[in-house]
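Predicted model only: the values in this text are computed from it and were never measured.
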Amino acid sequence: MSENTTANKSKNFIYEIIDEDLKTNKWGGKVHTRFPPEPNGYLHIGHAKSICLNYGIARDYNGKFNLRFDDTNPEKEETEYVESIIEDVKWLGADFRNEVLFASDYFDQMYLWAVELIKKGKAYVCDLTADEIRATRGTLTEPGKESPYRNRSVEENLSLFERMKNGDFPDGAKTLRAKIDMASPNFNMRDPIMYRIVHAEHHRTGNKWCIYPTYDWAHGNEDSIEGITHSICTLEFENHRPLYDWFLDQLGVHHPQQIEFARLNLNYTVMSKRKLLQLVQEKYVDGWDDPRMPTISGFRRRGYTPEAIRNFAEIIGVAKRDALTDISLLEYAIRDDLNKYAQRAMAVLKPLKVVITNYLEGQVEELEAVNNPENPEAGKRLVPFSRELFIEQSDFVENPPKGFHRLVPGGEVRLRYAYIIKCEEVIKNANGEVVELHCSYDPETKSGTGTSNKKVKGTIHWVSAKHAIDAEVRLYDRLFTVENPAFEENWLQHINPNSLEVIRNAKLEPFLKNAKKGERFQFERNGYFCVDTKDSTEHKFVFNRTVTLKDSWKK
RNA sequence: UGCCCCGUGGUGUAAUUGGCAACACGUCUGACUCUGGAUCAGAAAAGUUCAGGUUCGACCCCUGACGGGGCAGCCA
């Protein structure tokens, strides 16, 4: 099974490790991965990469995939985040059998295991303050100093640790530390902290605990309890692996293999939860799901599909070297997906009125338009045509640059699915701005009739003035003006002031009045758009631009 | 300065485990087109950070440099 499904795609180094493990029967043929988010923020596209990797492995090898909240720090974690994360993981299509797991459910077991380490003389209660611990940890080149509390008796440690648990001491008064090696060149091995005292309410365990396990102590425990085989995490945990291994070895329990890969970095955005939180809290954006945010909920609201994000994850691959991925890969993925099934529509974003002077006043024709040239089964629809229309302001230019083949004074252009028109007169206002065009149409050129051999270079979209519906359209651009804002001293100063352009009077083809929230369309020649799930109402349509169409017209 | 990891076209990844570098995005031509989209055909673009070594042969193995990243939270 596994061999078959993974046979012809090129394998990343993690798949190779798993193949080898299967060959040597290291895990009895089992493959079990997990995605362990801390519920302290919303998931972003980097997490999506991890979810796709972990879930993809379980899927490809017919193994299991767990969703587990690593909720070991009550001071930063909230239920709101838990809920958003579950929604995002489901939306992405990762199957966790609807079993939501929590590290906090293992607190009792972890406590017992900590007691076990104390009994083995592998852990001790330390009275040093945070500052003292930092001061005695040593430096990059010098070893640390052993804590004066390092050699307390097992009995004393046991009793002290129990009192820590019972709440006898204030925050920070004591810690439980692993007794390893203060001279280790790896900082993580210099008697790392396993438990700290925190009198805070936990989002799930309430006030049951006032000691909480640290990541290093907790994480391997969690993986072990769940029977994880391959514990995949990002590069910054590489130095923690010896500690991960040490804890599990002391305990002698199921010992998963930790494997590290490079996290995703996308250009023109930021990916750290801290920075994203700041953007939200300081109102640079509209919330975690602002369509400009690189969060999963932001992409969802923007109109991205789970398929596109999964394909993107596939395209970028998995490796150990850190990289800065070009956003164009993501944009390719969503265009490629939407192109296949997005219903086409004509929508004029910035309207310019056109009067067809030789077209009968009051006459209306219903013209046939193709719903999706990529999929004939999508059928056709009728679009009303009349004497007064709107076209895109940018589709008319008085003094066109070389190569421009849309409408110009005295020039002709095809109105998509309708007629060829000729620009006879340009009407301007007092400021000299073009406000209206008077054109004539050629009745012989009606679409599909083949009664004319006339050829024109350009075809533009349009909408009948009296039939059009109004909408607000939000055009999004990259959130930052620099490729890697995280590298900038004042990263907030590089926010793109034009990352959102709101168009309040866009004119849409009438059938769009039935568009439902979240529904996606291609506005021909403009890009892919979706109905905003939050702000769109029956009376006021709001569309978000997901991504533009590729535009090969230069200059 | 100590330890760990990484270095392949502009970008992201590959290279049958040692046989003179492939795919995708992007870019540029051209064809077609009632979306300057899609599609199709083609092109440019790295000689694999560098220097030694092993070998008939090195992107791959070894050594050393150089470059990048990570680590001194009672965050994860």
Side-chain angles (χ1 to χ4, degrees), chain A residues 9-12 16 36-38 40 70 72-73 75-77 126 128-130 133-135 137-144 171-177 184-190 192-198 211-212 214-216 218-219 233-242 260 262 264 267 273-274 312 314-333 335-336 339-340 344 346 369-370 372-374 403-406 413-418 420 445 447-448 455-461 522-527 548-554:
Chain A
K9 39 178 175 180
S10 94
K11 294 173 183 173
N12 63 53
E16 282 177 5
E38 183 190 11
N40 68 343
D70 202 4
T72 57
N73 183 358
E75 293 178 309
K76 291 185 178 175
E77 297 155 6
C126 181
L128 257 26
T129 65
I133 287 181
R134 189 179 317 118
R137 187 150 25 219
T139 69
L140 292 178
T141 51
E142 306 156 35
D171 286 4
K174 290 179 173 15
T175 56
L176 182 73
R177 291 229 254 168
S184 172
N186 183 339
F187 271 91
N188 299 305
M189 304 301 273
R190 320 246 261 223
I193 287 160
M194 296 166 63
Y195 277 94
R196 71 276 208 185
I197 300 173
V198 181
I211 56 172
Y212 289 91
T214 55
Y215 170 87
D216 285 312
H219 206 83
C233 60
T234 44
L235 254 28
E236 68 269 30
F237 293 105
E238 222 155 15
N239 293 331
H240 294 246
R241 189 173 357 113
E260 311 84 15
L264 170 68
N267 59 186
K273 279 199 208 170
R274 200 201 115 254
F312 170 69
E314 195 64 44
I315 288 167
I316 59 175
V318 176
K320 288 198 74 164
R321 73 177 115 144
D322 24 28
L324 183 60
T325 300
D326 197 309
I327 190 82
S328 68
L329 296 197
L330 216 207
E331 294 179 341
Y332 163 77
R335 285 193 191 103
D336 186 50
N339 178 47
K340 289 179 289 194
R344 312 288 131 120
M346 291 199 284
V370 173
N372 185 348
E374 302 297 314
F404 184 84
H405 44 231
R406 284 165 271 166
V413 74
R414 160 138 248 140
L415 292 179
R416 174 143 240 231
Y417 299 125
I420 290 175
T445 59
S447 253
K455 289 278 183 196
V456 288
K457 276 185 293 182
T459 298
I460 64 175
H461 60 278
Q522 182 197 98
F523 289 173
E524 294 208 28
R525 304 206 308 126
N526 269 319
T548 61
L549 249 31
K550 234 171 90 176
D551 184 6
S552 61
W553 163 243
K554 291 292 157 9

Worksheet item: With a non-hydrogen cut-off below 4.0 angstrom, is A:Thr129 in contact with a base, only sugar-phosphate, or nothing?
Response: base
Fill in: Short side-chain N/O contact to B:rA72 OP1/OP2 from A:Arg134, under 4.0 Å
no
Worksheet item: When rounded to the nearest Å, what value does the distance between P atoms of B:rG9 and B:rA22 take?
Response: 14 Å
Fill in: P spacing across the pair B:rG18 / B:rU13, given as an integer number of angstrom
23 Å
Worksheet item: If you look at every strand shown and take non-hydrogen atoms under 4.0 Å, does A:Thr175 touch a base, only sugar-phosphate, or nothing?
Response: base
Discussion item. Can you tell me whether the base of B:rU27 sits syn or anti, using the 90° cut around 0 to define syn?
Written reply: anti
Worksheet item: Does A:Arg335 put a side-chain nitrogen or oxygen below 4.0 Å from OP1 or OP2 of B:rC25?
Response: no
Response to the item:
Result for 5'-nearest mapping on RNA chain B, choosing between A:Arg344 and A:Lys320, is A:Lys320
Discussion item. Over all strands shown, is A:Gly144 touching base, sugar-phosphate only, or nothing at heavy-atom distances under 4.0 angstrom?
Written reply: nothing
Worksheet item: Touch check for A:Arg416, heavy atoms < 4.0 angstrom, all strands: base, sugar-phosphate only, or nothing?
Response: base
Worksheet item: Taking atom P in both B:rC5 and B:rC20, what distance in whole Å separates the two?
Response: 30 Å
Worksheet item: Is any NZ, NE, NH1 or NH2 atom of the basic residue among A:Lys273 and A:Glu38 found under 4.0 Å from an Asp or Glu carboxylate oxygen of the other?
Response: no
Practice prompt. Just call it for A:Ala323: base, sugar-phosphate, or nothing, with non-hydrogen atoms closer than 4.0 Å on any strand.
Written response: sugar-phosphate
Worksheet item: OP1, OP2 of B:rA76 versus side-chain N and O of A:Arg196: anything below 4.0 Å?
Response: yes
Worksheet item: Out of curiosity, A:Asn339 CG to A:Glu374 CD, how far, rounded to the nearest 0.5 Å?
Response: 4.0 Å
Fill in: Candidate list A:Asp336, A:Leu330, A:Leu329, test side-chain contact (heavy atoms from CB on, under 4.5 Å), partner A:Tyr332, passing option
A:Asp336
Worksheet entry | Side chain A:Glu142 and base B:rU1 donor-acceptor under 3.5 Å | no
Practice prompt. Give me the ring orientation class for A:Trp553 and A:His405: parallel if the planes are under 30° apart, tilted from 30 to 60°, perpendicular past 60°.
Written response: tilted
Worksheet item: Side chain of A:Asp70: nearest nucleotide among B:rG36, B:rG70, B:rA76?
Response: B:rA76
Discussion item. Just to be sure I understand the rule, does A:Glu77 reach a base, reach only the sugar-phosphate, or reach nothing, if contact means heavy atoms closer than 4.0 Å?
Written reply: nothing
Worksheet item: Which whole number of Å gives the distance between the P atom of B:rC60 and that of B:rG7?
Response: 11 Å
Worksheet, complete the sentence: Comparing A:Thr139 with A:Phe237, nearest RNA chain B nucleotide closer to 5' gives the residue A:Thr139
Worksheet item: How far, in whole Å, is B:rU63 from B:rA21 if one measures between their P atoms?
Response: 27 Å
Practice prompt. Answer with base, sugar-phosphate or nothing: what part of the nucleic acid does A:Glu75 contact at a heavy-atom distance below 4.0 Å?
Written response: nothing
Fill in: Nearest atoms (heavy-atom pairs only) where A:Ile197 meets A:Ile211
CG1-CG2, 4.0 Å
Discussion item. With the 90 degree cut-off around zero defining syn, does B:rG12 come out syn or anti?
Written reply: anti
Fill in: B:rG64 and B:rG47, which share atom name C1', separated by this distance in whole Å
23 Å
Fill in: B:rG73, syn or anti by chi within 90 degrees of zero
syn
Practice prompt. Give one of base, sugar-phosphate or nothing for A:Leu324, where a contact means two heavy atoms less than 4.0 Å apart.
Written response: sugar-phosphate
Discussion item. Does any part of the side chain of A:Ile133, heavy atoms only, come nearer than 4.5 Å to the side chain of A:Thr175, both counted from C-beta?
Written reply: yes
Practice prompt. Please measure how far the P atom in B:rC59 lies from the corresponding atom in B:rG52, and state the result in whole Å.
Written response: 14 Å
Discussion item. Classify A:Phe404 by what it touches in the nucleic acid, base, sugar-phosphate, or nothing, heavy-atom distance under 4.0 Å.
Written reply: base
Practice prompt. For A:Tyr215, report the nucleic acid contact type (base, sugar-phosphate, nothing); a contact means any heavy atom under 4.0 Å.
Written response: base
Worksheet item: Are any of A:Thr72's side-chain N or O atoms less than 4.0 Å away from OP1 or OP2 of B:rC75?
Response: no
Discussion item. Base, sugar-phosphate or nothing for A:Leu235? Non-hydrogen atoms, less than 4.0 Å.
Written reply: nothing
Item to complete: Would you mind classifying the nucleic acid contact of A:Val318 as base, sugar-phosphate or nothing, using non-hydrogen atoms under 4.0 angstrom?
Response: sugar-phosphate
Practice prompt. Scan A:Ile211 against the nucleic acid and name what it touches under 4.0 Å (heavy atoms): base, sugar-phosphate only, or nothing.
Written response: nothing
Fill in: Rounded distance in Å between the C1' positions of B:rG2 and B:rA45
41 Å
Item to complete: For A:His219, answer base if it contacts any base atom (sugar-phosphate contacts may also be present), sugar-phosphate if it contacts only those atoms, and nothing otherwise; contact means non-hydrogen atoms under 4.0 Å.
Response: nothing
